[in-house]
Amino acid sequence: MAKLIRFGVSLEEELLKKFDSLLHRKRYTNRSEAIRDLIREDLVRQEWQGDGEISGAITLIYDHHKRELLEKITDIQHHYQKAIISTQHIHLDHHNCLEIIAVKGDAKKAQELADTLRSIKGVKHGTLSMSSTGRNLA
Ligand code: NI
């Protein structure tokens, strides 16, 4: 386990009040874990701006009855096959599908894939969850 270091932080009372209320809403039980997560959040943001390896997930909502939509989505995924580690397709109801595409590797490729899929006519909603391989986070 990594060595823990204690350090003091000085900040304005008002700011600390806001921070405490935020961490309460976000279900943190102590400030340390909330601060650790803020730091990790920023490190992950930097991973996505750099050349290192990232991981994440793209979600898409679409109507599979739309003409050629499924075919387009599949074609694109084959084209980006090196960036995709897994795809899950869930039939939400008679019309709507939820597709979860797990990605790993180059951040720019993952972003490009998400943008390409989201911009297809007929895709109702798309998100990109930018996460990490976890290797550079304590
Ligand atoms: Ni479906």
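Each ligand, and each atom within it, is numbered from 1 in the order the structure gives.
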_Would you say that more than 12 heavy atoms from the other residues, nucleotides or ligands in this model lie under 6.0 Å from the CD of Glu112, or not?_
yes
For Ile100, the other hydrophobic cluster members (4.5 Å side-chain criterion, sorted by chain and number) are Ile61, Ile90, Leu92, Leu98
Inset, instruction - Output yes when Arg118 and Asp115 qualify as a salt bridge under the 4.0 Å nitrogen-oxygen rule, no when they do not. - result: yes
_For a quick check under 3.5 Å, do Gln77 and Glu99 share a side-chain donor-acceptor pair by atom type?_
yes
### Query
Would you call Arg45 and Asp42 a salt bridge, using N to O less than 4.0 angstrom?
yes
Salt bridge Glu33-Arg40, side-chain N to carboxylate O under 4.0 Å = yes
Excluding waters, which are neither shown nor counted, protein N/O/S atoms under 2.8 Å from the Ni ion (ligand 1) come to 3
